[in-house]
Engineer: 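Right, I'll just put the structure down here and ask away after.
FYI, side chains are in, hydrogens and waters are out, and symmetry mates aren't considered; it's all heavy atoms of this structure.
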Amino acid sequence: MRKTLALVPFVLLSLIVGADAQSPAVTFQSLLAEMTDRDTAARFPSPAYTCRQASSYDQASTSADDANTWMANNDRSFFLRSEENQGRQEWVMLDADGPGCIVRIWITASNACGTLRVYVDGASEPVLAEEAQKLIGDNVLLGPPLSETRARGRNLYLPIPYGKHCKITYDRPNFQQSKDKDDLLYYQINYRTYAEGSQVESFNRETFDASKSSIEQLQTALLKPAEALPNDLKHYTPPTTTLQPDESMRVTLPGPAAVRQLIVQIKADDLALATRQTVLSAEFDGQSTLACPVGDFFGSGVGVNPFQGWWREVKQDGQMICYWPMPYREGCRLRLKNHGQQPVTLTVKAATGPWTWDDRSMYFHTDWRQQYPISTRPMHDWNYLEAAGQGVYMGDTLCVVNPVTAWWGEGDEKIYVDGEAFPSHFGTGTEDYYGYAWCTPAFFESPFHAQPRAQGPGNFGHTTNTRVRLLDGIPFTKSLKVDMEVWHWKECEVAYAVATYWYGRPGAQGNHTPDAEQLKVVNFEKPKPPKPRMVEDAIEGEGLRIAATTGGTTQIQKGASFRWSNNQQLWWIDGKPGDKLTLIVPVKKAGTYKLAAELTKAVDYGIVQLTLDGKSLADPIDLYNDGVTRQVYPLGTHELSAGEHRLTVEIIGANEKAVKRHMFGLDYLKLEE
């Protein structure tokens with residue numbers, strides 16, 4: 001059954017008019033303006049450009065025909081080459097001819113204390129030079145949202161244009177280009193290359209400093225997406241309606257115009273199911289370009305999961321809002337259909353504004369697919385989108401349902417433009433693509449990427465990742481293919497659903513539309529937490545009283561996956577050689593005891609000397625290991641009186657391969673008569 005609703009137009013006050021059209025030359029200021037000029041996204045770029053990515057992906061991956069290497073996962077610390085410069089060694093991350101522009105830099109590392117340098121147009125001195133972890137994701141150059149850390153991923157969205165050439169390097173004392181985990185530098189750099197002859201004004205600090213007011217206005221605007229709507233909108237508010245199973249409602253909008261805001265609010269007994277089984281579709285000038293479950297379309301995924309971004313936001317009251325401009329010449333038809341078995345109540349609001357259609361105007365597209373089950377073995381590429389025609393890729397929302405707590409997203413994105421044999425975007429991990437890192441199961445939001453849902457515990461259950469693009473949109477003239485590796489730590493069966501957002505010139509087509517059989521919500525029973533490992537008669541490290549510490553910080557670290565006794569350890573981090581930690585060890589009665597300690601070993605742990613009441617216990621202990629493990633160390637036989645004794649841990653150095661954080665972890669002590 002279909003319900004066709006009458007429309008009641010009215011005009012509301014709007015706040016800020018969109019940015020003015022760019023000048024022909026590409027400048028730092030024009031790029032700042034482009035970031036909040038939403039209309040730019042809906043027109044094919046002029047001047048034309050390509051968007052590519054340089055990254056630290058494992059370069060053992062050379063061909064999809066080689067199954068043994070195509071899923072290689074050592075995606076860190078790979079560089080183009082090393083160079084000697086003024087007595088220091090610099091590792092080249094990017095070496096690109098212009099005219100062009102850096103549009104996004106993402107990094108993560110255990111300790112990215114090396115200097116990142118940006119050289120433009122062959123100059124011997126960099127236009128930017130700063131410790132990487134301060135430049136990216138900190139407030140040294142500029143603050144959020146253009147520079148911010150989200151769930152351990154560091155993101156920089158500052159445009160850096162260059163007329164002829166750009167080189168980006170990284171250096172760190174004693175750094176080695178190898179597979180050792182001494183730096184663990186993962187990086188992605190997205191950059192534009194403009195058509196030959198394009199006029200691009202190169203970045204310099206003088207222009208940057210003179211633009212601080214514009215940057216501040218941009219930062220504020222990106223955090224207030226509704227205020228960037230133009231002031232000449234017509235608002236359409238069909239009555240709230242309840243759709244029974246298999247019913248639809250349609251909204252017809254006259255043209256020429258562009259949809260500039262769309263709001264949908266759903267109410268149902270099972271809201272999670274309703275967000276997946278209520279499908280939004282759209283026709284522009286008779287061409288069907290959009291078909292997607294409502295929750296996925298707005299970046300929420302399964303259920304209503306509030307977050308705020310530049311292109312979409314989900315409110316606490318359940319309103320789901322998008323700001324993608326959707327232009328058309330003659331007319332637009334929106335449809336919402338209830339594919340489920342329960343009634344769904346819908347409130348819909350649409351706002352349109354003027355649009356002058358030209359030979360660069362594009363229709364808005366959203367493709368969607370879900371697959372379950374997906375076996376995680378063998379590892380393989382899973383397709384997000386294959387598009388034919390001319391257009392620009394603008395982002396996606398990935399919803400994963402994971403039956404175990406182990407990490408599901410080691411997989412890299414692989415994006416092929418215009419029939420490339422090898423992807424021009426080859427990533428370093430799914431979470432890296434979405435702007436975070438280290439499989440962190442925590443909510444975060446920003447104008448460009450978000451994790452609105454991370455069910456847990458660990459990485460179990462529903463996870464929603466979304467990334468949208470501004471200057472890092474990917475133009476294509478003939479075709480586009482976007483894949484993501486399915487690379488899971490465990491062999492199991494997962495569910496993937498993805499919505500892709502892109503613009504296309506008339507006639508462009510994607511390859512995925514919702515199938516009724518796909519519109520299901522996959523759920524798994526939460527795993528029961530394992531009983532903690534308990535070592536009989538252990539003196540737990542986390543229970544010892546700390547008498548003194550000369551540096552670093554101490555805390556109780558919990559983690560069932562590490563199998564510490566009682567799932568906890570006493571953790572001492574960021575001390576320096578020479579620092580000491582003194583613990584009080586209780587002895588109930590005098591006697592002769594064998595003493596042992598179970599200690600943690602990992603890539604960022606130090607070399608320590610243990611003493612008891614001033615007497616050295618064995619030789620220095622090197623706690624470096626490539627991965628987290630535990631080891632029991634015998635510490636000799638001792639005559640101990642009843643009462644308190646002092647165990648002192650002194651940091652004396654670190655393994656040459658270790659990340660220099662000099663960590664120490666005491667799981668437990670054992671006194672055996």
Engineer: Test of understanding: with side-chain hydrogen bond (donor to acceptor under 3.5 Å, both in side chains), list the residues that count as partners of Asp472, not counting sequence neighbours.
Structural biologist: Arg467

Engineer: So does Glu410 pair up with Lys490, basic N to acidic O under 4.0 Å?
Structural biologist: no

Engineer: Within the side chain of Gln308, is there an N or O that forms a donor-acceptor pair under 3.5 Å with the backbone of Leu223?
Structural biologist: yes

Engineer: Go through the side-chain N and O atoms of His449 and Asn465 and say whether any donor and acceptor fall under 3.5 Å apart.
Structural biologist: no

Engineer: When you measure from the side chain of Ser281 to the backbone N and O of Ala291, does any donor-acceptor pair fall under 3.5 Å?
Structural biologist: no

Engineer: Sequence neighbours left out, what passes ring pair (Phe, Tyr, Trp, His ring centres under 6.0 Å) with Phe426? Give chain and number order.
Structural biologist: Tyr57, Trp70, Phe422

Engineer: Would you please indicate yes or no on a ring centroid separation below 6.0 angstrom for Phe448 and Tyr157?
Structural biologist: yes

Engineer: Taking only Lys NZ, Arg NE, NH1 and NH2, and the carboxylate oxygens of Asp or Glu, determine whether Asp483 and Lys414 approach each other closer than 4.0 Å.
Structural biologist: no

Engineer: Could you report the tightest heavy-atom contact between Glu283 and Ser288, atom names first, then the distance?
Structural biologist: CG-OG, 3.4 Å

Engineer: Looking at every heavy atom in both Ala437 and Asp432, which two are closest together, and how far apart are they?
Structural biologist: CA-OD1, 4.1 Å

Engineer: Quiz question: by atom type and distance under 3.5 Å, do the side chains of His462 and Asn402 form a donor-acceptor pair?
Structural biologist: no

Engineer: Is it true that a side-chain atom of Asn338 and a backbone atom of Thr278 form a donor plus acceptor pair closer than 3.5 Å?
Structural biologist: no

Engineer: Answer yes or no: are there more than 12 heavy-atom neighbours, outside Gln341 itself, under 6.0 Å from its atom CD?
Structural biologist: no

Engineer: Would you list the atom pairs, donor with acceptor, under 3.5 Å between side chains in residues 261-273 and any protein atom, with sequence neighbours excluded?
Structural biologist:
| from | atom 1 | to | atom 2 | distance (Å) |
| --- | --- | --- | --- | --- |
| Gln265 | NE2 | Asp317 | O | 2.6 |
| Asp270 | OD1 | Ala272 | N | 3.4 |
| Asp270 | OD1 | Leu273 | N | 3.1 |

Engineer: Just by distance, do the side chain of Asp396 and the backbone of Ala499 share a donor-acceptor pair under 3.5 Å?
Structural biologist: no

Engineer: Provide the closest heavy-atom pair for Gly391 versus Met362 in the form atom of the first, atom of the second, distance.
Structural biologist: CA-SD, 3.9 Å

Engineer: Are the side chains of Trp408 and Thr430 in contact, using a 4.5 Å heavy-atom criterion?
Structural biologist: yes

Engineer: Can you name the residues that form a side-chain hydrogen bond (donor to acceptor under 3.5 Å, both in side chains) with Asp418, not counting sequence neighbours?
Structural biologist: Thr477

Engineer: Applying the side-chain hydrogen bond (donor to acceptor under 3.5 Å, both in side chains) test to Tyr436, which of Gln451, Arg150, Arg154, Glu431 qualifies?
Structural biologist: Gln451

Engineer: According to the ring pair (Phe, Tyr, Trp, His ring centres under 6.0 Å) rule, which pairs have a member within residues 305-330, sequence neighbours left out?
Structural biologist: Trp311-Trp324, Trp324-Phe364, Trp324-Tyr501

Engineer: Tell me every residue that passes side-chain hydrogen bond (donor to acceptor under 3.5 Å, both in side chains) with Asp367, counting only those two or more places apart in sequence or in another chain.
Structural biologist: Trp502

Engineer: Counting N and O atoms only, with roles assigned by atom type, does the side chain of Ser30 sit under 3.5 Å from a partner on the main chain of Val26, one being a donor and the other an acceptor?
Structural biologist: no

Engineer: Is Arg369 paired with Asp296 through a side-chain N to carboxylate O contact shorter than 4.0 Å?
Structural biologist: no

Engineer: When you check the side-chain N and O atoms of Thr40 and Arg38, is any donor under 3.5 Å from an acceptor?
Structural biologist: no

Engineer: Donor-acceptor pair, distance only, cut-off 3.5 Å: does the side chain of Arg260 make one with the backbone of Pro354?
Structural biologist: yes

Engineer: Under a 3.5 Å distance rule, please check whether Glu330 uses its side chain to pair with a backbone N or O of Asp285 as donor and acceptor.
Structural biologist: no

Engineer: Looking only at heavy atoms, what is the nearest atom pair of Ala421 and Tyr416, with distance?
Structural biologist: O-CE2, 3.9 Å

Engineer: What closest approach, in Å, do Tyr363 and Pro327 show between heavy atoms, and which atom pair accounts for it?
Structural biologist: CD2-O, 3.5 Å

Engineer: Quick one about Thr513 and Trp368 (side-chain donor to acceptor, distance below 3.5 Å, no hydrogens or angles considered), yes or no?
Structural biologist: no

Engineer: Strictly below 4.0 Å, N to O, side chains only: are Lys337 and Glu247 in salt-bridge contact?
Structural biologist: no

Engineer: Quick check against the 3.5 Å criterion: does Thr500 have a side-chain atom that pairs as donor or acceptor with the backbone of Leu385?
Structural biologist: no

Engineer: Can you tell me if Glu485 and Trp382 form a side-chain donor-acceptor pair at under 3.5 Å?
Structural biologist: no

Engineer: So, for Pro306 and Lys315, which heavy atoms are closest and what is the spacing to 0.1 Å?
Structural biologist: CG-O, 3.9 Å

